[in-house]
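To keep things clear, I will list the structure first and then write my remarks on it.
What you see below is based on every heavy atom in this structure, not just the backbone, and it leaves out hydrogens, waters and symmetry mates.
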Amino acid sequence: QVQLVESGGGLVQAGGSLRLSCVVSGRTFSNNAMDWFRQAPGKEREFVAGINWNSSYMRYADSVKGRFTISRDNAKNAVYLQMNSLKPEDTAVYYCAASQGSVVLTSYRGMAYWGKGTLVTVSS
């Protein structure tokens, strides 16, 4: 019923760029903050970026600040992640998530819905 579908992942060399998209169906999340998380094998799922309901506030993990940009289009019920200057340590499955509320949260426990993820592999 409610689905979050990510796309845009793939293989890229270090220093390259990718743009991830997340499209929501089944309901709208115009009043919810939206986040991107990522998880590498053997590691915990970690916060990457978040954006509040009206795009007035964005927050980034220190590891991606200055390289990644999150944005959203509520009319299209979509959220995006532009990733520049990619590094091998960015390799992970990237997940789109809808927060339980309008405020940006950095914990996976605060997410109400998750996408299935899209794999990003950055070669050295």
* Spacing of CE belonging to Met58 relative to CZ belonging to Phe68, to within rounding of 0.5 Å -> 15.5 Å
* Asked: How far apart are the closest heavy atoms of Leu20 and Tyr94, and which atoms are they?
  -> CD1-CB, 3.6 Å
* **Plane angle bin for Phe47 and Phe37 - parallel if under 30°, tilted between 30 and 60°, otherwise perpendicular** => perpendicular
* Asked: Can you list the steps and then say if Asn84 with Ser17 is a side chain to side chain donor-acceptor pair (under 3.5 Å)?
  -> CA-CA 4 Å; Asn84 298 326; Ser17 299; 2.9 Å; yes
* Structure fact -> d(Lys87 NZ, Ser124 OG) to nearest 0.5 Å is 14.0 Å
* Would Tyr80 and Val24 show up in the same hydrophobic cluster when neighbours are defined by side-chain heavy atoms closer than 4.5 Å? -> no
* Asked: Any side-chain heavy-atom pair from Arg38 and Asp90 closer than 4.5 angstrom?
  -> yes
* **Connected via hydrophobic side-chain network under 4.5 Å: Trp36 and Tyr108** => no
* Asked: So, for Ala40 and Ala92, which heavy atoms are closest and what is the spacing to 0.1 Å?
  -> N-CB, 3.9 Å
* Asn32 side chain to Ser99 backbone, donor-acceptor under 3.5 Å -> yes
* To do: Please check if the side chain of Asn77 supplies one atom and the backbone of Val23 the other of a donor-acceptor pair under 3.5 Å.
  => no
* **Test item: Thr91 side-chain N/O and Val122 main-chain N/O as donor-acceptor pair under 3.5 Å** => yes
* Asked: Between Lys116 and Glu6, is the closest basic N to carboxylate O distance under 4.0 Å?
  -> no
* Take atom CZ of Arg67 as the centre, draw a 6.0 Å sphere, and report whether it contains more than 12 heavy atoms from other residues, nucleotides or ligands. => yes
* Summary of disulfide bond (SG atoms under 2.5 Å apart) pairs that have at least one residue in residues 11-100, sequence neighbours excluded -> Cys22-Cys96
* Asked: Do the non-hydrogen side-chain atoms of Tyr95 and Asp35 ever get within less than 4.5 Å of each other?
  -> no
* Check the pair Asn74, Arg72 against side chain to side chain contact (heavy atoms under 4.5 Å, CB included), reporting the backbone distance first and the verdict last. => CA-CA 6 Å; Asn74 287 346; Arg72 69 187 297 167; 2.7 Å; yes
* Give a yes or no answer on whether the side chain of Asn31 reaches the backbone of Trp53 with a donor-acceptor pair at less than 3.5 Å. => no
* Asked: So do the side chains of Phe29 and Val2 get within less than 4.5 Å of each other, counting heavy atoms only?
  -> yes
* May I ask you to test the Val79-Leu81 pair for a side-chain heavy-atom distance under 4.5 Å? => no
* **Heavy-atom closest pair, residues Leu119 and Val93** => CD1-CG2, 3.9 Å
* Would you say Met34 and Val104 are hydrophobically clustered, going by side-chain heavy atoms of ILVMFWY under 4.5 Å? -> no
* Is any side-chain heavy atom of Arg45 closer than 4.5 Å to a side-chain heavy atom of Trp114? -> yes
* Quick one: are Val12 and Met83 in side-chain contact, heavy atoms under 4.5 Å? -> no
* To do: Quick one: closest heavy-atom pair of Val48 and Val64, and the distance?
  => O-CG2, 3.5 Å
* Asked: Judged by atom type as modelled, is there a donor-acceptor pair below 3.5 Å linking the side chain of Arg59 to the main-chain atoms of Asn52?
  -> no
